[in-house]
K.L.:
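I have a structure I would like to understand better, so I am pasting it below and will then ask my questions one at a time.
Predicted, not measured: the structure shown is a model, and the values here were computed from it. Per chain, numbering begins at 1; letters A, B, ... match sequence-line order.
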Amino acid sequence: MYLCSPLTKSNIKIRIMQLSPLEIIRRESLQKLRELGINPYPAEEFKTTATIKEILENFESFEGKEVVLAGRMMSRRIMGKASFAELKDASGRMQIYINRDEISSDAEGTMYNTVFKKLLDMGDIIGIKGEVFKTKVGEESVNVKELTVLSKSLRPLPVVKTDADGKVHDAFSDAELRYRQRYVDLIVNDHVKETFIKRTKITNSIRDFFNKRDYLEVETPILQPIPGGAAARPFKTHHNALDMPLYLRIANELYLKRLIVGGFDAVYEFSKDFRNEGMDRTHNPEFTVMELYVAYKDYLWMMNMTEELLEKVAMDSNRTTEVKIGENMVSFKAPYARVPILEAIKIHTGFDVAGMDEIALKEVCKKVGVAVDETMGVGKLIDELFGSKCEHHYIQPTFITDYPKEMSPLTKEHRTNPALTERFELMVNGKELANAYSELNDPIEQRERFEEQLKLTEKGDDEAMFIDQDFLRALEYGMPPTSGIGIGIDRLVMFMTNNSSIQEVLFFPQMRPEKKAVEMSEDEKAIFHILKANSPMLLNDLKTQSGFSNKKWDKTIKDLTKKSLAKINNTEEGLFVELGK
RNA sequence: GACCUGGUAGCUCAGUUGGUAGAGCACCUCCCUUUUAAGGAGGUGGUCCUGGGUUCGAGCCCCAGCCCGGUCACCA
């Protein structure tokens with residue numbers, strides 16, 4: 001199917017010129033395969049009879065039997081009239097043995113001498129039919145009788161070799177290349193694939209746990225008119241038909257609570273959330289949070305549920321509750337310690353800050369060396385104290401409970417202390433993994449809390465929280481007492497797979513776009529150089545300095561702006577040209 | 001956003017006070033029918049991230065920028 005216009009001759013020339021010698025050889029091999037009557041991209045189904053994993057795990061029952069396998073050829077050891085190669089399918093890798101006289105039907109041995117030895121390369125996808133056997137040195141192999149080309153690879157893969165000691169040589173380890181070309185990473189780095197398989201095991205484990213309890217998995221809007229449920233800068237977009245702004249959700253909390261109002265007893269959602277903030281080892285602009293809300297429960301119940309859930313997740317994904325995270329061994333075996341946040345501060349700073357006002361708290365902060373500024377209220381100060389003095393101590397899973405009210409606008413007031421809330425964060429390896437509340441369901445108090453938040457953030461910034469009037473309306477109809485939790489799934493996967501970077505647990509982490517090499521003509525270069533020396537400058541001045549004819553000038557400047565190398569601004573002072581980005 | 005590392009062949013990396021651009025693997029040619037980081041002989045391959053500057057001469061020094069990574073800041 002040809003959806004795009006055919007390549008012109010000159011385009012082909014340019015493309016060929018950009019190819020590396022290795023790529024040119026492969027394209028020539030592709031052509032020669034076709035000349036031999038071999039379709040390098042056949043359409044028909046290739047029926048396999050086994051997977052590599054099945055064979056290796058039940059070798060005795062396969063030995064001597066015929067199998068049909070398909071996969072990518074990862075390496076070759078050619079020895080004259082016989083060769084070994086490594087075949088990799090979705091389940092694993094195994095060796096195949098290829099003998100000239102067994103796979104070739106003609107006297108010249110074309111299939112072996114020409115097709116296999118000359119025209120196939122590492123990375124090609126092939127199908128084989130052959131007999132399972134063990135070599136002299138005892139390696140499980142398949143003796144190939146028939147070889148089928150299933151897909152010719154035109155780009156060379158990085159060559160990664162593993163020696164007898166399991167030591168990896170020339171590992172494909174450049175982070176930028178690995179993330180930009182994750183498909184290559186997945187092909188050559190088996191452990192990367194394992195990480196992502198484990199990620200799915202983790203989410204399946206959670207779903208399984210909830211579904212067995214008849215909790216309902218739901219989907220709520222990603223495009224929201226008011227980005228609520230958290231305080232973060234949202235991504236903004238625009239709906240043309242409604243002519244209104246819409247935001248990518250920063251959280252789904254307020255929508256799930258609406259569903260609890262609507263009469264569901266328990267709802268959960270794996271929510272892709274989006275926050276327009278900095279990126280680093282633990283933050284990606286889009287990330288996944290699992291949020292769960294259960295009616296008639298409180299945060300104490302939620303702690304028990306969380307312990308049970310994480311113990312199961314660890315067992316399902318790692319077959320043990322003891323998980324190595326960095327240098328630490330972390331046990332996900334229930335129960336977990338429960339420490340009120342003020343108690344934690346007392347333990348790690350020696351100061352009992354319960355009931356302290358802003359002034360007294362600032363004094364404590366100074367004494368223990370925590371930086372403060374004027375804008376910080378009681379809640380923020382306690383948060384800072386905990387964050388810098390306590391958090392990193394909690395390596396084993398620990399519920400930090402009973403946060404100050406000021407920090408928790410969606411949380412129900414504590415049943416015994418009106419200054420606190422019924423909230424916990426679960427700390428693991430010194431980081432927050434989950435955040436849960438007894439949800440605030442008093443609509444009048446909720447409105448007041450929102451208004452307090454508005455005051456706190458009302459410093460003329462663009463993050464001022466909107467009040468979601470519809471959410472308040474829903475609460476006014478009555479929401480049962482409810483407990484909710486959000487678990488950072490990316491972070492959980494990082495823990496369970498012992499990765500310290502979020503990019504290692506996302507298939508396609510956000511990256512800056514690749515810089516495309518821009519080709520400039522001589523004329524364009526001339527203009528570009530004048531402009532570079534004096535940007536921005538009046539369009540007419542630039543045109544005069546170029547000395548170009550009207551026609552030549554027009555073409556050149558249009559091409560430059562098309563390539564974003566120059567930009568024309570129409571201002572009150574006249575038409576200006578400046579360097580593009 | 002600030003600071004620190006780095007960017008050299010398809011991949012992993014060396015590169016001396018600033019003096020002809022290097023290795024291993026991959027690739028090409030040849031030998032080799034149970035090897036396994038297969039082996040042996042020979043060979044091809046470079047925008048040294050980009051643009052300026054200093055210099056007789058820059059991969060190396062200086063300036064500006066781009067991109068990855070790290071640390072910090074930001075992030076209830």
K.L.:
Base, sugar-phosphate, or nothing: which does A:Leu177 touch, judged by heavy atoms less than 4.0 Å apart?
P.N.:
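Result for A:Leu177 = sugar-phosphate.
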K.L.:
Looking only at heavy atoms, what is the nearest atom pair of A:Ile96 and A:Val144, with distance?
P.N.:
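Nearest pair, atom of A:Ile96 first, then A:Val144: CB-CG2, 3.9 Å.
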K.L.:
Just list the side-chain donor-acceptor pairs under 3.5 Å for residues 380-393 of chain A, sequence neighbours left out, or say none.
P.N.:
{"from": "A:Ser388", "atom 1": "OG", "to": "A:Glu384", "atom 2": "O", "distance (Å)": "2.9"}
{"from": "A:Lys389", "atom 1": "NZ", "to": "A:Val368", "atom 2": "O", "distance (Å)": "3.2"}
{"from": "A:His393", "atom 1": "NE2", "to": "A:Lys389", "atom 2": "O", "distance (Å)": "3.3"}

K.L.:
Heavy atoms only, 4.0 Å cut-off, all strands: where does A:Ile25 land among base, sugar-phosphate and nothing?
P.N.:
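If one applies the 4.0 Å heavy-atom cut-off, A:Ile25 turns out to touch the sugar-phosphate alone, with no base involved.
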K.L.:
Give a yes/no on whether any side-chain N or O of A:Arg26 is located under 4.0 angstrom from OP1 or OP2 of B:rG10.
P.N.:
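Answer is no, no contact under 4.0 Å.
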K.L.:
OP1, OP2 of B:rC67 versus side-chain N and O of A:Arg512: anything below 4.0 Å?
P.N.:
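Yes, within the criterion.
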K.L.:
Mapping A:Pro156 and A:Lys136 onto RNA chain B by nearest heavy atom, which one lands closer to the 5' end?
P.N.:
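Looking at RNA chain B, the more 5' nearest nucleotide goes with A:Pro156.
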K.L.:
For A:Glu86 and B:rA38, what is the distance between atoms CD and C1' respectively, to the nearest whole Å?
P.N.:
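Between C1' of B:rA38 and CD of A:Glu86: 13 Å.
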K.L.:
Sort out the partner of B:rU29 for me: Watson-Crick or G-U wobble, both distances under 3.5 Å, none otherwise.
P.N.:
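B:rA41 - that is the nucleotide pairing with B:rU29, both distances being under 3.5 Å.
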K.L.:
Let me know the distance between CD of A:Gln95 and C1' of B:rU34, rounded to the nearest Å.
P.N.:
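Taking atom C1' of B:rU34 as the reference, CD of A:Gln95 is at 8 Å.
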K.L.:
Name all residues meeting the side-chain hydrogen bond (donor to acceptor under 3.5 Å, both in side chains) criterion together with A:Lys65; count only those two or more places apart in sequence or in a different chain, and write none if there are none.
P.N.:
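Here no residue qualifies.
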K.L.:
If you look at every strand shown and take non-hydrogen atoms under 4.0 Å, does A:Phe133 touch a base, only sugar-phosphate, or nothing?
P.N.:
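If one applies the 4.0 Å heavy-atom cut-off, A:Phe133 turns out to touch a base.
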K.L.:
Of all the nucleotides listed (B:rU35, B:rG10, B:rC28), which has the minimum atom distance to the side chain of A:Asp121?
P.N.:
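Nearest to the side chain of A:Asp121 among the choices is B:rC28.
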K.L.:
Respond yes when some side-chain nitrogen or oxygen of A:Lys161 is under 4.0 Å from OP1 or OP2 of B:rA26, and no when none is.
P.N.:
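For A:Lys161, the contact criterion (side-chain N or O under 4.0 Å from OP1 or OP2 of B:rA26) is met.
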K.L.:
Can you tell me if A:Gln503 touches the phosphate of B:rG69, counting only side-chain N or O atoms and a distance under 4.0 Å to OP1 or OP2?
P.N.:
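The answer is yes; a side-chain N or O of A:Gln503 sits under 4.0 Å from OP1 or OP2.
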K.L.:
Tell me what A:Lys117 touches on the nucleic acid: a base, only sugar-phosphate, or nothing, going by heavy atoms under 4.0 Å.
P.N.:
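Counting heavy atoms under 4.0 Å across all strands, no contact is made by A:Lys117.
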K.L.:
Please check if any side-chain donor atom of A:Arg155 sits under 3.5 Å from a side-chain acceptor atom of A:Gln181, or the reverse.
P.N.:
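Judged by distance alone, the side chains do not pair up.
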K.L.:
Please state how far atom NZ in A:Lys118 lies from atom C1' in B:rU29, giving the value in whole angstrom units.
P.N.:
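So the two atoms are 7 Å apart, to the nearest Å.
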K.L.:
Output yes when at least one side-chain N/O atom of A:Arg77 is less than 4.0 Å from OP1 or OP2 of B:rA38, else no.
P.N.:
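So the side chain of A:Arg77 is within the cut-off, an N or O lying under 4.0 Å from OP1 or OP2 of B:rA38.
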K.L.:
Please name the nucleotide paired to B:rC11 by Watson-Crick or G-U wobble geometry with both distances under 3.5 Å, or report none.
P.N.:
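Looking at the geometry, B:rC11 pairs with B:rG24.
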K.L.:
A:Phe172 CZ to B:rC13 C1': how many Å, rounded?
P.N.:
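Roughly 15 Å, once rounded to whole Å.
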K.L.:
Provide the Watson-Crick or G-U wobble partner of B:rU5, both distances under 3.5 Å; none if there is no partner.
P.N.:
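Checking every strand shown, B:rU5 finds no partner, since no pair has both distances under 3.5 Å.
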K.L.:
Have a look at A:Asn143 and say if it touches a base, only the backbone sugar-phosphate, or nothing, with a 4.0 Å heavy-atom cut-off.
P.N.:
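Nothing: the residue A:Asn143, judged by heavy atoms under 4.0 Å, touches no strand.
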K.L.:
Would you mind reading off the distance between A:Leu22 atom CG and B:rC11 atom P, rounded to a whole angstrom?
P.N.:
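The distance from CG of A:Leu22 to P of B:rC11 comes to 10 Å, rounded to the nearest Å.
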